[in-house]
Amino acid sequence: MTMSKLYIVPTPIGNLEDMTFRAIRILKEVDLILAEDTRTSGKLLKHFEIGTHMYSHHMHNEHKTVENLISRLKAGENIALISDAGTPAISDPGFLLTRACIENGVEVECLPGATAFVPALVNSGLPNDKFIFEGFMPDKKGRQTRYLALAEETRTMILYVSPHKLVKTLVEFGTYFGEDRQICVSRELSKLHEENVRGTVKEVAAHFDKTAPRGEIVVVVAGKPVTKEPKKSKFSGEELHD
């Protein structure tokens, strides 16, 4: 039985110059490209003169298509998975197929490339030695519970937020994190009108109250400040201070 490979291929989040030579070569060489939206990806493939056949693979059909795709991979086909923008499986379809490949002994190779949260984190100027990626918050059920947990998080937090929900989300930040918490809102990363708005929750909320947000948005939030507990002497019980 011939075994082949699933390639996870990042695509630009806005600037086509961020497409790698390797990504272009792989997309030209594989037998099939799985695309989140074939119309969106069709423009990308046309730009780079990639004629490989595409197949629609998105959050609404991925549960149904995995078994067939595993059969095709086992039969010897090489398949590439792309999303509309960025690295597949990061808040996009891809996890189910990747897991199924590993369970079935099919090799998986993820190419390095564009993803929105890394430049947003670095641009923010907030601590990035330790951080957590939250992706999109729950819409309704579980949203408050998640906020209550994140309110105690000391690491820098990264969230994806839809433009029409940004102002509401910033109000929620003020409620759960406090209006003085430092944040950075990155918008339209890598594109002509890229914007990084830094400041307190209150300051950034005021900015977007006046200027309606557009485009893809990543929000980076400072973690809860860590307060040092005074050390106690094991001999006298007195508090020691550094």
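Worth saying up front: this structure is predicted, and the values here are computed from it rather than measured.
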Could you go step by step and tell me if Tyr160 and Phe117 meet the ring pair (Phe, Tyr, Trp, His ring centres under 6.0 Å) rule?
CA-CA 8 Å; Tyr160 286 166; Phe117 79 79; 7.1 Å; no
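- One finds the CD1 atom of Ile70 at 12.0 Å from the CZ atom of Arg72 (value rounded to the nearest 0.5 Å).
- Looking at Glu216 and Lys191, no side-chain N of the basic residue comes within less than 4.0 Å of a carboxylate O on the acidic one, giving no salt bridge.
- Residues Lys28 and Glu49 are not paired through a salt bridge, judged by the lack of any N-O separation under 4.0 Å between the basic side chain and the carboxylate.
- Residues Ile33 and Ser41 have side chains not in contact (no heavy-atom distance under 4.5 Å, counting atoms from C-beta outward).
- Minimum interatomic distance between Ser83 and Pro88 (heavy atoms only, all atoms of both residues): N-CG, 3.8 Å.
- Summarising the geometry of Arg181 relative to Lys224, their closest heavy-atom pair is NH1-N, 3.5 Å, with the distance given to 0.1 Å.
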Decide side chain to side chain contact (heavy atoms under 4.5 Å, CB included) for Leu121 and Thr156; before the verdict, give the C-alpha distance in whole Å, the side-chain angles of both, and the deciding distance to 0.1 Å.
CA-CA 9 Å; Leu121 173 62; Thr156 298; 3.9 Å; yes
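- Under a 3.5 Å cut-off, the side chain of Asn123 and the backbone N or O of Ser186 do not form any donor-acceptor pair.
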Salt bridge (charged side-chain N to carboxylate O under 4.0 Å, His left out) for Arg143 and Glu172? Distances and angles first, verdict last.
CA-CA 10 Å; Arg143 192 175 179 92; Glu172 293 171 340; 2.8 Å; yes
Gln182 and Leu126: CA distance, side-chain angles, deciding distance, side chain to side chain contact (heavy atoms under 4.5 Å, CB included) verdict
CA-CA 8 Å; Gln182 290 289 321; Leu126 296 172; 4.0 Å; yes
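- One finds a salt bridge joining Asp139 and Lys165 here, because a Lys/Arg side-chain nitrogen approaches an Asp/Glu carboxylate oxygen to under 4.0 Å.
- Going from atom CD of Glu134 over to atom CG of Leu159 covers 6.0 Å, rounded to the nearest 0.5 Å.
- Here the straight-line distance linking atom CD of Glu109 with atom CD1 of Ile8 works out to 10.0 Å at 0.5 Å rounding.
- Between Ala100 and Val66, the closest heavy-atom pair is CB-CG1, 3.4 Å.
- Summarising the geometry of Asn196 relative to Glu194, their closest heavy-atom pair is ND2-OE2, 3.2 Å, with the distance given to 0.1 Å.
- Residues Ile26 and Leu111 approach most closely at CG1-CD2, 4.1 Å, considering heavy atoms.
- Between Ala114 and Pro12, the shortest heavy-atom contact is CB-CA, 4.1 Å.
- Classified by interplanar angle (parallel below 30°, tilted 30° to 60°, perpendicular above 60°), the ring pair Tyr147/Tyr176 is parallel.
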